[in-house]
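Here the structure comes first, spelled out in structure tokens, and everything after it is commentary.
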Amino acid sequence: MATSVTTVEGKAPAKAQPVVQVEAPSRREFLYYIWGASIALLLGQAGAGLVWFALPRFRAGEFGGVFSIPADDVPAPGDAPLSVPSGRFWISNVPDQGIQVLYGVCTHLGCLPKWVPTNGRFECPCHGSKFELDGKYIEGPAPVSLDRFRSTVIFTDGSSEEMNAAGDPIPLNGRTVASVAVNTGARVKRGSKN
Ligand code: FES
């Protein structure tokens with residue numbers, strides 16, 4: 001004769017739950033996890049570094065970045081050079097040579113030479129070094145001529161010409177200037193009095 005089990009309240013007893021056993025990772029698995037996490041961290045850091053280097057560090061128009069100077073501001077050949085204090089440079093238009101962009105800091109001890117129209121040259125107020133319109137050393141304690149910034153002249157015919165590796169003035173060859181792009185993050189050292 002079948003018997004049935006009932007509780008005091010008359011309900012069937014709860015079924016026993018299966019026991020799930022969680023195995024701890026082995027030592028080898030644990031080392032794999034650590035190794036994988038380390039590689040992921042390294043890759044993440046390398047990726048962040050690449051993005052950081054790829055982004056421009058200076059905005060256009062701030063020192064260290066690129067300045068775009070419109071044609072109206074670019075001096076005519078032989079005229080007084082244009083000073084751009086925020087970029088710490090001068091733009092000279094040297095007759096028979098072309099556009100030259102000069103770093104406006106004296107190569108002696110770092111003062112700021114001024115253009116002196118009556119003498120037609122740059123003169124440093126600190127110790128009297130003097131430089132020509134194209135930045136070439138004339139006299140004084142400065143050891144070398146003025147440095148230059150890498151620049152590109154854009155012409156109205158759509159062409160453009162970059163400063164060469166020697167940092168020579170950019171010749172106009174009868175073309176009309178539309179604008180001048182000056183990279184104040186790329187200084188070309190003169191390295192001599194020439
Ligand atoms: S800093 Fe210009 S001559 Fe000395």
Side-chain angles (χ1 to χ4, degrees), residues 55-194:
L55 290 174
R57 288 186 221 175
F58 300 98
R59 286 191 303 248
E62 73 176 23
F63 186 71
V66 175
F67 286 68
S68 182
I69 307 301
D72 287 349
D73 293 343
V74 176
D79 277 2
L82 170 75
S83 170
V84 181
S86 56
R88 301 178 205 167
F89 64 84
W90 294 81
I91 294 188
S92 294
N93 193 341
V94 187
D96 303 323
Q97 293 186 46
I99 302 287
Q100 180 66 286
V101 180
L102 301 168
Y103 183 37
V105 174
C106 184
T107 51
H108 180 220
L109 293 177
C111 289
L112 305 178
K114 303 274 181 263
W115 177 254
V116 180
T118 48
N119 295 334
R121 64 192 183 190
F122 293 99
E123 296 183 358
C124 184
C126 292
H127 313 99
S129 289
K130 298 171 180 65
F131 307 90
E132 293 178 2
L133 179 60
D134 67 352
K136 190 176 172 199
Y137 171 89
I138 299 173
E139 64 182 31
V144 293
S145 299
L146 295 176
D147 293 335
R148 295 143 291 175
F149 280 131
R150 281 215 171 275
S151 43
T152 302
V153 177
I154 297 102
F155 298 98
T156 52
D157 63 4
S159 64
S160 62
E161 190 157 341
E162 259 187 80
M163 175 188 274
N164 63 20
D168 295 327
I170 299 170
L172 303 181
N173 296 332
R175 294 168 292 184
T176 304
V177 174
S179 63
V180 179
V182 181
N183 184 355
T184 58
R187 181 147 55 105
V188 180
K189 294 206 170 194
R190 187 88 63 154
S192 75
K193 290 183 174 173
N194 295 321

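Residues: numbered from 1 along the sequence shown.
- With sequence neighbours excluded, the residues that form a side chain to side chain contact (heavy atoms under 4.5 Å, CB included) with N119 are V116, R121, E123.
- Applying the ring pair (Phe, Tyr, Trp, His ring centres under 6.0 Å) test to F131 and every residue at least two apart in sequence or in another chain returns nothing.
- Pairs passing the side-chain hydrogen bond (donor to acceptor under 3.5 Å, both in side chains) check and including a residue from residues 95-112, sequence neighbours excluded, read H108-H127.
- When atom types are taken as modelled, the side chain of S92 and the backbone of L133 share a donor-acceptor pair closer than 3.5 angstrom.
- In this structure, P171 and F155 approach most closely via the heavy-atom pair O-CZ, 4.0 Å.
- At least one side-chain heavy atom of V84 sits less than 4.5 Å from a side-chain heavy atom of F67.
- Applying the side chain to side chain contact (heavy atoms under 4.5 Å, CB included) rule to V66 yields the partners A181, N183; only residues at least two apart in sequence or on another chain are considered.
- The number of heavy atoms from other shown groups lying within 6.0 Å of CD (E139) is above 12.
- The stretch residues 163-180 participates, sequence neighbours left out, in these side-chain hydrogen bond (donor to acceptor under 3.5 Å, both in side chains) pairs: E161-R175, N164-D168.
- I99 is listed as a side-chain neighbour of L172, based on a closest heavy-atom distance under 4.5 Å.
- Of all the heavy atoms in W90 and S83, the pair that sits closest is CZ3-CB, 3.6 Å.
- Listed by first and then second residue, the side-chain hydrogen bond (donor to acceptor under 3.5 Å, both in side chains) pairs involving residues 144-156 are D147-R187 (not counting sequence neighbours).
- Judged by distance alone, the side chain of S192 and the main-chain N or O of N194 form a donor-acceptor pair under 3.5 Å.
- No side-chain heavy atom of F58 sits under 4.5 Å from any side-chain heavy atom of F63.
- Under the 4.5 Å side-chain criterion, counting only non-hydrogen atoms from C-beta, P113 is not in contact with C111.
- Using a 4.5 Å heavy-atom cutoff, the side chains of N93 and D79 are not in contact.
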